[in-house]
There are 2 protein chains.
Amino acid sequence: MLSFTEENYLKAIYKINEKTKERASTNAIAEIMQTTAASVTDMMKKLSNKNLITYERYKGSKLSSQGAQIATSLIRKHRLWETFLVEKLSFSWEEVHELAEQLEHINSNKLIERLDEYLDFPKYDPHGDPIPNAEGKFTLREQIKLSQLNIGEEGNLIGVQNHDDQFLEYLNELNIKLGSRITVTKKVLYDKTYNIIVDNEHTVQISEKVANNLMVKKILAL
Amino acid sequence: MLSFTEENYLKAIYKINEKTKERASTNAIAEIMQTTAASVTDMMKKLSNKNLITYERYKGSKLSSQGAQIATSLIRKHRLWETFLVEKLSFSWEEVHELAEQLEHINSNKLIERLDEYLDFPKYDPHGDPIPNAEGKFTLREQIKLSQLNIGEEGNLIGVQNHDDQFLEYLNELNIKLGSRITVTKKVLYDKTYNIIVDNEHTVQISEKVANNLMVKKILAL
DNA sequence: TAATATTTTTAGACTGCTCTAAATTTAGAT
DNA sequence: ATCTAAATTTAGAGCAGTCTAAAAATATTA
Ligand SMILES: [Mn+2]
Ligand SMILES: [Mn+2]
Ligand SMILES: [Mn+2]
Ligand SMILES: [Mn+2]
């Protein structure tokens with residue numbers, strides 16, 4: 001049985017490995033865990049002793065297959081709970097992450113499999129992130145940044161890169177949500193803003209930063 | 001913010017205060033918490049400093065109104081989660097207690113109020129125990145032990161005194177569940193066993209111990 | 001390559017919760 | 001009233017997780 005803390009460290013390493021592929025540095029882990037490098041070093045020794053990571057002094061850490069399996073199961077629980085909160089309890093997508101941070105540590109296989117079934121085996125969470133199945137397999141899809149669309153092209157929003165509450169609330173204001181059909185009508189070269197039409201209804205202007213955080217599936221022209 | 005441990009101590013004191021009314025003794029708390037008297041003493045000082053209990057050396061502990069409020073909210077969460085697991089996720093009544101012990105520590109008023117609403121504001125949990133409402137008020141009902149019924153009298157099962165997995169599984173075997181109509185047909189004086197009819201369908205024999213653990217609402221004869 | 005800056009580890013300490021063993025207080029029995 | 005047993009507290013220590021400060025290793029730069 002792992003402590004919440006140990007589980008969170010595994011998740012942190014997973015998150016780093018996800019993008020950089022290389023071994024997670026002590027400082028990078030400390031940054032995510034909001035703690036000091038010294039504390040991280042202590043924990044790395046502990047997780048290494050439990051064979052959940054491979055750790056070499058001064059070289060960083062990497063999840064072992066067992067560690068990766070646990071991290072994936074945490075991701076699974078996290079995203080299923082987020083889906084539950086949105087689908088069944090009418091939470092909105094910016095409210096669920098913090099709660100899922102608590103709920104992901106509830107320890108019961110039976111519970112999580114029943115929840116999965118109750119939600120009808122969702123493949124994506126309220127932010128469009130893939131939910132690993134019971135075997136740890138993710139269902140990936142082709143997706144591009146909204147900023148990669150050309151003028152006149154359209155896409156359906158299938159995910160957000162950044163999960164920040166403030167960003168999600170901003171999207172709410174703009175009536176942009178998962179599934180929204182987005183048409184790019186103009187790119188202003190000067191300040192790199194975009195003019196887009198949301199769901200064929202309202203036109204809004206967004207910054208490049210926002211356009212880079214919206215992941216869409218391109219709708220092919222007829 | 002209280003730790004899980006502190007919350008569990010408050011629940012333990014609540015449980016003792018519930019039946020004995022007197023101050024909870026250090027040993028009684030240790031027994032429930034599965035720990036030593038020395039640990040309890042330490043924690044009593046701590047909870048006392050936080051004004052969650054009144055504690056006097058050698059005299060035992062009692063919840064303050066603030067402590068009682070927290071304990072009640074834990075009971076509320078525990079019983080709502082149990083109800084959720086049974087009603088929505090098809091768990092059976094003997095499986096849910098341990099899981100609720102984890103879930104009751106999830107910290108979010110919004111979550112628990114939404115859950116309450118989602119379950120349609122249940123007044124009793126899967127074991128027939130009353131669920132305090134958001135203000136901490138319990139809905140009590142008249143109930144007597146099955147053993148208090150006379151020959152020929154009937155009652156509906158509305159609760160179980162003992163929540164032991166094994167006891168609940170035994171009731172499953174006998175097809176006895178909340179709501180079951182139970183008719184007492186015979187009391188054997190020699191070994192104090194009871195013959196009862198469950199739901200007008202099958203006759204079973206139960207011991208006095210079982211009869212004392214079944215709480216019923218007497219059905220008045222026409 | 002040598003000096004400097006950055007990263008990481010170690011050393012030592014602190015808090016929260018736990019334990020055992022010993023001391024103290026209270027309750028019960030004669 | 002005194003002795004004994006039971007309950008409770010205190011003393012002292014250990015483990016998990018955290019921190020700061022100092023030392024060591026690695027990376028960067030001149
Ligand atoms: Mn999340
Ligand atoms: Mn998510
Ligand atoms: Mn319970
Ligand atoms: Mn219950």
Side-chain angles (χ1 to χ4, degrees), chain A residues 1-13 15-17 19-63 67 70-71 74 101-102 104-105 107, chain B residues 1-13 15-17 19-63 67 70-71 74 101-102 104-105 107:
Chain A
M1 194 70 285
L2 300 180
S3 69
F4 286 18
T5 308
E6 289 170 317
E7 290 191 339
N8 284 333
Y9 271 98
L10 291 178
K11 261 205 319 171
I13 298 171
K15 216 175 288 181
I16 295 166
N17 280 173
K19 48 183 68 164
T20 69
K21 295 292 172 196
E22 290 172 29
R23 281 182 283 198
S25 76
T26 300
N27 262 354
I29 297 168
E31 167 71 27
I32 291 181
M33 292 296 294
Q34 301 270 59
T35 187
T36 62
S39 299
V40 174
T41 301
D42 285 350
M43 184 57 86
M44 293 307 102
K45 288 176 185 166
K46 197 173 156 195
L47 293 175
S48 183
N49 281 334
K50 294 190 177 186
N51 290 311
L52 299 174
I53 63 171
T54 54
Y55 163 70
E56 224 180 317
R57 274 161 82 252
Y58 293 104
K59 299 281 154 87
S61 307
K62 206 169 166 327
L63 294 174
I70 292 170
L74 286 164
E101 288 290 315
Q102 293 184 59
E104 71 190 7
H105 299 290
N107 179 25
Chain B
M1 193 69 287
L2 299 181
S3 69
F4 286 17
T5 308
E6 289 169 318
E7 291 191 338
N8 285 333
Y9 271 98
L10 291 178
K11 260 203 322 169
I13 299 171
K15 215 174 291 180
I16 296 167
N17 279 173
K19 48 183 67 166
T20 69
K21 295 292 172 196
E22 291 171 27
R23 282 185 281 200
S25 75
T26 300
N27 262 356
I29 297 168
E31 166 71 25
I32 291 182
M33 293 296 293
Q34 300 271 57
T35 187
T36 61
S39 299
V40 174
T41 300
D42 285 350
M43 184 57 85
M44 294 308 101
K45 288 176 185 166
K46 196 172 156 197
L47 293 176
S48 183
N49 281 335
K50 294 191 178 185
N51 291 312
L52 299 174
I53 63 171
T54 55
Y55 163 69
E56 223 179 316
R57 274 161 81 252
Y58 293 102
K59 300 279 154 91
S61 306
K62 206 169 167 325
L63 294 173
I70 293 170
L74 286 164
E101 288 289 315
Q102 293 185 57
E104 70 189 7
H105 300 291
N107 180 25

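Residue numbers start from 1 in every chain, and the chains themselves are labelled A, B, ... in the order their sequence lines are given, proteins ahead of strands. Just so it is clear, the model here is predicted, and its values are computed rather than measured.
Atom NZ of Lys45(A) is separated from atom C1' of dT18(D) by 14 Å (rounded to the nearest Å). In this structure, CD1 of Ile29(B) is placed 9 Å from P of dT8(D), rounded to the nearest angstrom. Per the geometry, CE belonging to Met44(A) stands 9 Å off P belonging to dT9(C), to the nearest Å. Between Lys59(A) atom NZ and dT7(C) atom C1' there is a gap of 13 Å when expressed in whole angstrom units. In this entry the distance linking CG of Leu2(B) with P of dG16(C) reads 13 Å, nearest Å. If you take CD of Glu6(A) and C1' of dC15(D), they are 12 Å apart, rounded to a whole angstrom. Per the geometry, NZ belonging to Lys50(B) stands 8 Å off P belonging to dG16(C), to the nearest Å. Whole-Å rounding puts the Asn27(A) CG to dT9(C) P distance at 9 Å.
Counting only distance, with no hydrogens or angles, the side chain of Asn17(B) and the backbone of Lys62(B) share no donor-acceptor pair below 3.5 Å. Judged by distance alone, with hydrogens and angles left aside, the side-chain atoms of Thr35(A) form no donor-acceptor pair with the main-chain N or O of Glu31(A) at under 3.5 Å. Gln102(A) places a side-chain N or O within 3.5 Å of a backbone atom of Asn107(B) that can act as its donor or acceptor partner.
Taking CZ from Arg57(B) and NZ from Lys59(B), the interatomic distance works out to 10.0 Å, rounded to the nearest 0.5 Å. One distance of note links CG of Leu47(A) with CD of Glu7(A); it measures 11.0 Å at 0.5 Å rounding.
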Inset, instruction - Go along nucleotides 18-23 of chain C 5' to 3' and tag each nucleotide: B for a protein heavy atom under 4.0 Å from its base, S when only backbone or sugar atoms are that close, - otherwise. - result: BBB---
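Using a 4.0 Å cut-off between a side-chain N of Lys or Arg and a carboxylate O of Asp or Glu, Glu101(A) and Lys11(A) qualify as a salt bridge.
Two rings, from Tyr9(B) and Phe4(B), have their centers 6.0 Å or more apart.
Contact annotation for Phe4(B): no contact, since no heavy-atom pair falls under 4.0 Å across all strands.
Taking 4.0 angstrom as the limit, Arg57(A) places a side-chain polar atom (N or O) nearer than this to OP1 or OP2 of dT10(C). When the side-chain nitrogen and oxygen atoms of Thr26(B) are compared with OP1 and OP2 of dT9(D), one or more of them lie within a distance under 4.0 Å.
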